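Worksheet: the structure to be examined is printed underneath.
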Amino acid sequence: MGRVLVGDVGGTRSRFAVAHRGDAGIVLEAFRTFPNASYTAFAEVLSAYLSQAPLSQDFGPVPPRALFALAGPPLADGSVTLTNRDWPTIRPGDLEQAMGIPAVSLVNDFAAMARAVPEMAADAFETVLDGRGVGDAPVLVTGPGTGFGVSTLVPTAGGGWRVLTGEGGHAGFAARTQREAEIAERLFAEHGFVSTEAVVSGGWLPRVLDVVSDLHGQARRDLAAGDVLAQAEAGDPVCAEVCALRARAIMGAAGDAALITGAQGGVVLTGGVAEHMGAWLRTSEAVERFRARGKRSDWIAEVPVRILHAAEAPLIGAAALAFELGD
């Protein structure tokens, strides 16, 4: 297969590129990012990308195959409705007809993120916990962005990879202290069911900040994620508690999922939230939340945890999946 058009579509932004295989791996060209809030449908943002001059001038006609990784579960008919963006349901056939692309495939965004992991260079990862991953064991790929994704990367007998996806971010949040239970109770009273995503994701940060502010007897504030981190590091008690809570919840959910999926090959954390919280994820409380598993603490003691720092990773994973479909 030659070139493929790939996209990574989350709740906040859409990224696109044209990919091909190079001597050293998958190469991305014509990489562009678009804010989803500026568009009312996926077809609009895709059209904006395709209409940009560099694509048509430098790379010729639109590639005959496209694979888009979307932040939502694919349905039996291949369509996807984004979980955290109010756009119309996205259907492959509609895109093929409207955009003139012969073959369009849609996958979950964390399928592409997981598939990217074996394609990335070592310097794309930041170590959270050292360990000795088992070479032929599954690898858990999870982490918070606008939402909270969970996928499992399983080695196959032929040296390839199989990706298993799910909606693990919507599993119930597991409070393990009285304070966490109180926060979860207040979130439930205001917003209903409290998932892991509700505690750790960027989309839910304002609600968590509100509840923790209430518990401190302080006025609710409208703070961006970067401001919360900065004020936490400066000693603000509300922001510090929010960051510590989210770090424990991320590591706790990762430990739970690693046990459930048998991911002794390691855990890879992804997403903008995890990428900015490395120091919080390495605190003793967060590490303990990952490793403390009662009778099975020994099982997870040597599982390594890394953060993937690469904005292009899901596009590389999408290209790998597209090449496999075409081979």
Side-chain angles (χ1 to χ4, degrees), residues 84 128-129 140 142-150 168-260 267 269 271-297 300-301 303 305 307:
N84 292 302
V128 175
L129 291 176
L140 174 71
T142 185
T146 303
F148 186 78
V150 181
H170 296 278
F173 168 63
R176 301 191 195 178
T177 68
Q178 185 59 44
R179 182 70 161 187
E180 290 175 356
E182 188 171 3
I183 291 169
E185 183 178 0
R186 291 190 178 220
L187 284 170
F188 178 81
E190 289 194 39
H191 306 290
F193 177 72
V194 181
S195 62
T196 299
E197 179 173 297
V199 176
V200 304
S201 71
W204 275 76
L205 175 60
R207 298 165 188 172
V208 175
L209 181 62
D210 284 346
V211 165
V212 176
S213 296
D214 293 346
L215 288 170
H216 280 259
Q218 294 190 14
R220 294 185 171 189
R221 293 172 286 173
D222 184 13
L223 296 177
D227 294 330
V228 172
L229 276 169
Q231 293 196 28
E233 292 167 2
D236 180 282
V238 171
C239 293
E241 181 171 359
V242 168
C243 290
L245 166 71
R246 297 171 90 202
R248 294 194 307 269
I250 291 167
M251 294 294 278
D256 287 342
L259 282 176
I260 292 167
V267 172
L269 301 175
V273 175
E275 288 182 30
H276 291 92
M277 290 191 67
W280 290 95
L281 296 170
R282 283 189 287 269
T283 63
S284 59
E285 293 84 0
V287 170
E288 178 71 7
R289 191 62 62 91
F290 178 79
R291 287 183 167 162
R293 299 288 146 189
K295 293 181 179 180
R296 287 274 64 94
S297 295
I300 206 170
V303 173
V305 180
I307 300 172

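All heavy atoms count here, side chains included; hydrogens, waters and symmetry mates do not. Each residue takes its place number in the sequence, starting with 1. These numbers come from a predicted model, not from an experiment.
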Got [X] and [Y] here, is their nearest side-chain heavy-atom distance under 4.5 Å?
| X | Y | value |
| --- | --- | --- |
| R246 | L205 | yes |
| C243 | L229 | yes |
| L269 | M277 | no |
| V199 | E180 | no |
| D256 | R293 | yes |
| T142 | F148 | yes |
| P237 | Q218 | yes |

Practice item. Give the C-alpha distance, both sets of side-chain angles, the deciding distance and a yes or no for salt bridge (Lys or Arg N to Asp or Glu O under 4.0 Å) between E288 and R176. Key: CA-CA 12 Å; E288 178 71 7; R176 301 191 195 178; over 6 Å; no
Shortest non-hydrogen contact between [X] and [Y], atoms and distance:
| X | Y | value |
| --- | --- | --- |
| V150 | G169 | CG2-N, 3.8 Å |
| V194 | A184 | CG2-O, 3.5 Å |
| A286 | A247 | CB-O, 4.0 Å |
| T196 | G172 | OG1-O, 3.9 Å |
| L140 | A258 | CD2-N, 3.7 Å |
| G202 | P206 | O-CD, 3.9 Å |

Drop me the distance from [X]'s [atom1] to [Y]'s [atom2], to the nearest 0.5 angstrom.
| X | Y | atom1 | atom2 | value |
| --- | --- | --- | --- | --- |
| T177 | E285 | OG1 | CD | 11.0 Å |
| M251 | R282 | CE | CZ | 9.5 Å |
| R207 | S201 | CZ | OG | 8.5 Å |
| F193 | L187 | CZ | CG | 12.0 Å |
| L281 | R248 | CG | CZ | 12.0 Å |
| I300 | L259 | CD1 | CG | 4.5 Å |

Review point. Around atom NE2 of H276, are there more than 12 heavy atoms of other residues, nucleotides or ligands at under 6.0 Å?
Key: no
Exercise for review: Check the pair I250 / W280 against side chain to side chain contact (heavy atoms under 4.5 Å, CB included), numbers first and verdict last.
Suggested key: CA-CA 10 Å; I250 291 167; W280 290 95; over 6 Å; no
Revision key, fill the gap. Exactly one candidate in D214, D227, D236, D210 meets salt bridge (Lys or Arg N to Asp or Glu O under 4.0 Å) with R221; the answer is D236
Check your understanding: Are R220 and E190 ion-paired here, with the side-chain N under 4.0 Å from a carboxylate O?
Key -> yes
Exercise for review: Evaluate side chain to side chain contact (heavy atoms under 4.5 Å, CB included) for V273 paired with V200, printing each intermediate quantity in order.
Suggested key: CA-CA 8 Å; V273 175; V200 304; 5.9 Å; no
